[in-house]
Number of protein chains: 2
Amino acid sequence: MLKFSKKADYALLALQYIASAQGGGALPPRVVNTKEIAEEHFMPVELLAKVLQTLARHQIIESHHNGPKGGYVLGREPKDITIAQVLEAIEGPLGITDCYHEKEESSCDQMDRCNIRTPLLKIQESIYTLLNGMSIEDMLRDESPLIIVESLKPQGVHS
Amino acid sequence: MLKFSKKADYALLALQYIASAQGGGALPPRVVNTKEIAEEHFMPVELLAKVLQTLARHQIIESHHNGPKGGYVLGREPKDITIAQVLEAIEGPLGITDCYHEKEESSCDQMDRCNIRTPLLKIQESIYTLLNGMSIEDMLRDESPLIIVESLKPQGVHS
DNA sequence: CTAGTCAAGAGTAATTTAGTCGGAGATAGA
DNA sequence: TCTATCTCCGACTAAATTACTCTTGACTAG
Ligand code: SF4
Ligand code: SF4
């Protein structure tokens, strides 16, 4: 189906939390640790730990002083962390179909003669754009961002 | 992850096939059976059978003369069958998160205090619109439809 | 030195998806 | 009438993915 995994959900939740924890632009960002986030959101600590580690590996967050008082901090500005990036960090390259990009490594046998592929790739691309259009910063606002999806048929008036 | 299931893929493939089999507007539409489609696309007959049955139950296709020479025909015009409809028929109501619509029956414990929910619902809605914007007819064209996704931030200049 | 923390990988359990089987009903054509 | 071919349905098994756990190690503030 078309659903986020729990890990993805956890990741976004955690990022939102970390981001909000380190306020607007206050220079000394607060360092927040795994346990804190996990307890706040009732998620299994061990699992969240893995998720955060993955995010750290992708430089989306950074770990600070690796001992007591240690924890994580955003790796870049909230507005520069898009949902698409988070998802890809957690679940690898996201593809609606088995035949992701133009490259070979996809599994489907037919590919070339598949009449359905091109349209689906379009959709995939659109979804990606969509996901890349919302950032952590957007999620911080009470009023969530306005996303307009416009779908034009080929014969569309749009020239 | 964010991927179509095989069944969904099969469904779309089959629909594309059925649609193309019954030509443009020729009134006596050709009846095509499960086996034919399955062999054409190297998919397990039994499984495709189930998929088609499901589609039939949702009136997306219709079964004709239930014996030899029997098979399926589109239930309505290709342009009136959207990808979203097909997906929902196959996999039930599609939701990016565990907390689909405003209703209760979602599983997540937090919900109300979740800071991440509203934005995600927006995204979900956008994806739905997107998926609802492409029809089987669109997939029939060699040149697939043009889909434009425009993502505007709240403070966007666009007024 | 030690308690608290991140890092990494292997291992297990739960859930979902994919695919199979067997039996029932319908009907076109011989 | 009989039979081969097809849809229909539900239960079943198998495979794959996802969710979660455990263990071990390394680092460091106090
Ligand atoms: S069937 Fe067509 S679309 Fe589905 S995976 Fe194979 S190639 Fe891509
Ligand atoms: S966490 Fe927030 S977003 Fe994710 S499911 Fe629960 S409520 Fe919906």
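If you're wondering where the values come from, they're calculated on a predicted model, not measured in any experiment.
Within the 4.0 Å cut-off from OP1 or OP2 of dT5(C), not a single side-chain nitrogen or oxygen of Ser63(A) is found. Considering only side-chain N and O atoms, Thr34(B) lies nowhere under 4.0 angstrom from the phosphate OP1 or OP2 of dC6(D). Distances shorter than 4.0 Å separate none of the side-chain N or O atoms of Arg57(A) from OP1 or OP2 on dC6(C). Considering only side-chain N and O atoms, Asn66(A) lies nowhere under 4.0 angstrom from the phosphate OP1 or OP2 of dT5(C). Contact check, Tyr10(B) against dT17(C): no side-chain N or O comes under 4.0 Å of OP1 or OP2.
Between the side chains of Asp138(B) and Ser135(B), at least one donor-acceptor pair of N or O atoms lies under 3.5 Å.
Side-chain atoms of Lys50(B) come within donor-acceptor range of the base of dG10(D), with a qualifying N/O pair under 3.5 Å.
Comparing Lys3(A) and Ala56(A), the nucleotide of DNA chain C nearest to each residue sits closer to the 5' end for Ala56(A). Where His65(A) and Ala8(B) each meet DNA chain C at their nearest nucleotide, the meeting point lying more 5' is that of His65(A). Between Phe4(A) and Lys69(B), it is Lys69(B) whose nearest contact on DNA chain D lies nearer the 5' terminus.
Summarising the geometry of Ile127(B) relative to Ile96(B), their closest heavy-atom pair is CD1-CD1, 4.0 Å, with the distance given to 0.1 Å. Residues Leu48(A) and Met43(A) share a closest heavy-atom pair of CD1-SD, 3.7 Å.
Taking atom CG on Leu47(B) and atom P on dC21(C), their separation rounds to 13 Å, with Å as the unit. Remark: C1' of dA10(C) and CD of Glu46(A) are 14 Å apart, rounded to the nearest angstrom. Atom pair Lys6(B):NZ and dT17(C):P shows a separation of 13 Å (rounding to whole Å applied). In this structure, CG of Leu48(A) is placed 14 Å from C1' of dT21(D), rounded to the nearest angstrom. Following rounding to the nearest Å, Leu2(B) (CG) and dT18(D) (P) show an atom-to-atom distance of 11 Å. As rounded to whole Å, 10 Å separates atom P of dC6(D) from atom CD of Glu39(B). To the nearest angstrom, P of dC8(D) lies 12 Å from CD of Gln59(B). To the nearest angstrom, P of dA26(C) lies 15 Å from CD of Gln53(B).
Which of dA26(C), dC6(C), dT7(D) sits closest to the side chain of Tyr72(A) comes down to dC6(C).
A single hydrophobic cluster is seen to contain both Leu15(A) and Tyr17(A), as judged by linkage of ILVMFWY side chains at heavy-atom distances under 4.5 Å, directly or through other members.
Note on Gly67(A): a base of the nucleic acid sits closer than 4.0 angstrom, heavy atoms only.
In this structure, Arg30(B) pairs ionically with Glu36(B), as a charged nitrogen and a carboxylate oxygen lie closer than 4.0 Å.
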